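The block underneath contains the structure these notes are about, expressed in structure tokens.
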Amino acid sequence: MRDLEIRAHDFDLRMTLNSGQVFHWEKVGAGFCGAIGDCVAYVEQRGNSLRAKVEDGVLRSRRRNKGPARMAGSPTAATAAQLVQNYFALDHPLEEICESFPPDGLMNSARAFCSGLRIIRQPKWECLATFICSSMKQVAHIRQISRALRQRFGEKKQIREHDVFSFPSVGRLARTSETELLQCGLGYRAKNLLATARRIDSGEADLNSWSTLSDGELRERLCQLPGVGIKIANCAMLFAYERIAAFPIDVWIERVLRQEYFARRRKVTGQMMAKFAADHFGRYGGYAQQYLFHHARMTRKRGDNK
DNA sequence: CTCCAGGGATGAT
DNA sequence: ATCATCCATGGA
């Protein structure tokens with residue numbers, strides 16, 4: 001397939017992929033290689049457009065014989081372009097979203113710093129499973145765990161001579177063992193990931209069917225899964241269920257809220273912060289949260305950005 | 001070496 | 001309802 005040319009205004013590919021919402025894209029040449037669901041993609045940004053290559057990524061022993069029976073699953077150019085546009089959420093009204101942010105000094109700084117950062121649409125299971133692995137882990141280590149899970153349990157595919165592994169299916173992880181997961185560096189999270197995979201695989205929980213639930217009901221369902229609490233539920237809602245108001249509060253965001261919005265306050269409970277966030281950041285709160293998170297990490301620390 | 005990380009589950013106040 | 005503690009692991 002030839003390279004796709006996709007218009008992408010108000011978009012920063014590198015910052016979006018390095019902002020701690022997705023953990024598997026790898027820098028290759030002037031762009032990035034990664035999986036979009038069961039497809040593999042190479043994406044490179046040039047100004048206001050993306051140059052992309054998308055394939056089903058199935059390894060073929062012989063490519064010389066492109067007979068009439070094309071391999072099923074190989075996306076057409078139009079389908080591939082839609083896949084990329086949808087994954088990177090190029091349809092989100094980013095200008096409107098940024099204008100909705102409260103005019104704090106800090107929020108203004110974060111908005112300027114994160115120009116072009118978008119909340120992408122990730123597959124539900126992949127997103128939830130990855131964030132179950134994220135508890136008490138640095139971003140660099142989450143990337144390492146994601147890579148280990150993909151290499152051991154995922155399907156090996158190729159794009160531009162580069163190996164890309166899809167995220168393992170629910171069934172594949174449900175049929176593994178805690179011992180094998182421990183070898184991927186999951187530590188105490190292995191038990192939770194395995195239990196959640198099995199609960200979904202058995203049909204006891206159905207991530208896709210929850211798409212129509214209200215925010216509150218969806219959050220409640222997610223929190224019933226092993227290893228999923230309020231924070232990880234909000235991450236899954238924000239990054240995989242298009243609930244753009246969801247406001248995950250991790251250690252970074254908690255620091256920001258305490259210092260910036262609860263300065264000189266004795267007791268600040270999680271409930272207070274959640275209530276404040278919902279009121280203060282509005283219906284695009286998830287975006288505000290991601291901008292505050294990325295800005296805080298990139299300005300309060302050195303290194304770690306590639 | 002120590003410190004800390006996109007937390008959650010559990011049991012005690 | 002809020003709080004203390006423990007849970008494995010490895011990058012910084």
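In the text below, chain A, chain B and the rest are named by the order of the sequence lines, each starting its count at 1. The analysis underlying the following values was restricted to heavy atoms, covering all of them including side chains, and did not include hydrogens, waters or symmetry mates. Remember, it's a predicted structure, so these values are computed and weren't measured experimentally.
Taking a centre distance below 5.5 Å and an interplanar angle below 30 degrees as the stacking criterion, A/Phe131 does not stack against the six-membered base ring of B/dG6.
Of the listed residues (A/Val228, A/Leu186, A/Leu225), just one forms a side-chain contact (heavy atoms from CB on, under 4.5 Å) with A/Ile132, and that residue is A/Val228.
Looking only at distances, no side-chain donor or acceptor of A/Arg121 sits under 3.5 Å from a matching main-chain atom of A/Tyr87.
Annotation: A/Phe23 is in aromatic contact with A/Phe131 [ring centroid separation under 6.0 Å]. Aromatic rings of A/Phe281 and A/Phe101 (six-membered ring for Trp) have centroids beyond the 6.0 Å cut-off, not under it. Taking the six-membered ring wherever Trp is involved, the centroid distance between the rings of A/Phe276 and A/Phe262 falls below 6.0 Å.
The side chain of A/Phe239 lies closest to B/dG6 when the candidates are B/dG6, C/dG11, C/dA8. Ranking B/dG8, C/dT9, C/dA12 by closeness to the A/His141 side chain, first place goes to C/dT9. Side chain of A/Gln138, nearest nucleotide from C/dA8, B/dC4, B/dG8: B/dC4. Listed nucleotides C/dA8, B/dG6, C/dG10 differ in distance to A/Gln144; the shortest reach to its side chain belongs to C/dG10. In the set C/dT2, C/dG11, B/dG6, C/dT2 carries the atom at the smallest distance from any side-chain atom of A/Gln271.
As judged by a 4.0 angstrom heavy-atom cut-off over every strand, A/Gln290 is placed among the base-contacting residues. Residue A/Ile249 is classed as having no contact, given no heavy-atom separation below 4.0 Å to the nucleic acid. As judged by a 4.0 angstrom heavy-atom cut-off over every strand, A/Leu225 is placed among residues touching the sugar-phosphate backbone only. Within the 4.0 angstrom heavy-atom criterion, only backbone atoms of the sugar-phosphate kind lie near A/Gly227; the bases stay farther away.
The residue among A/Asp250 and A/Gln224 whose nearest nucleotide of DNA chain B is located toward the 5' end is A/Asp250. Comparing A/Ala233 and A/Arg189 by the nucleotide of DNA chain B that holds the closest heavy atom to each, the one mapping nearer the 5' end is A/Arg189.
Separating the P atom of C/dG11 from that of B/dC1 is a span of 15 Å, rounded to the nearest Å. Straight-line distance between the P atoms of C/dA4 and B/dG6: roughly 23 Å, to the nearest whole Å. Rounded to a whole angstrom, the distance from the C1' atom of B/dC3 to that of C/dA8 is 15 Å.
Taking a pair to require two hydrogen-bonding distances under 3.5 Å in either a Watson-Crick or a G-U wobble arrangement, B/dA9 pairs with C/dT5. Using Watson-Crick or G-U wobble geometry with both donor-acceptor distances under 3.5 Å, C/dA12 finds its partner in B/dT2.
With hydrogens and angles ignored, a donor-acceptor pair under 3.5 angstrom links the side chain of A/Lys137 to the base of C/dT9.
Atoms NZ (A/Lys267) and P (C/dA4) sit 7 Å apart, rounded to a whole Å. The separation between A/Phe247 atom CZ and B/dG7 atom C1' is 17 Å, rounded to whole Å. Rounding to whole angstrom units, NZ of residue A/Lys231 and P of B/dA9 are separated by 13 Å. Rounded to an integer number of Å, the gap from A/Met273 CE to B/dG7 P is 13 Å. For A/Ile132 and B/dG7, the CD1 to P distance is 14 Å, given to the nearest whole Å. Residue A/Lys191 contributes atom NZ, which lies 14 Å from atom C1' of B/dT10 at whole-angstrom precision. Between the CD1 atom of A/Ile142 and the P atom of C/dA8 there is a distance of 18 Å, given to the nearest Å. Taking atom CG of A/Leu181 as the reference point, atom P of C/dA8 lies 14 Å away to the nearest angstrom.
Residues A/His24 and A/Arg150 have side chains that bring a donor and an acceptor to within less than 3.5 angstrom of each other.
Here A/Arg255 reaches the OP1 or OP2 of B/dA5: one of its side-chain N or O atoms lies under 4.0 Å away.
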Original post:
What's the verdict on side chain to side chain donor-acceptor pair (under 3.5 Å) for A/Tyr42 and A/Glu44, showing C-alpha distance, side-chain angles and the deciding distance?
Top reply: CA-CA 7 Å; A/Tyr42 170 82; A/Glu44 175 182 330; 2.7 Å; yes

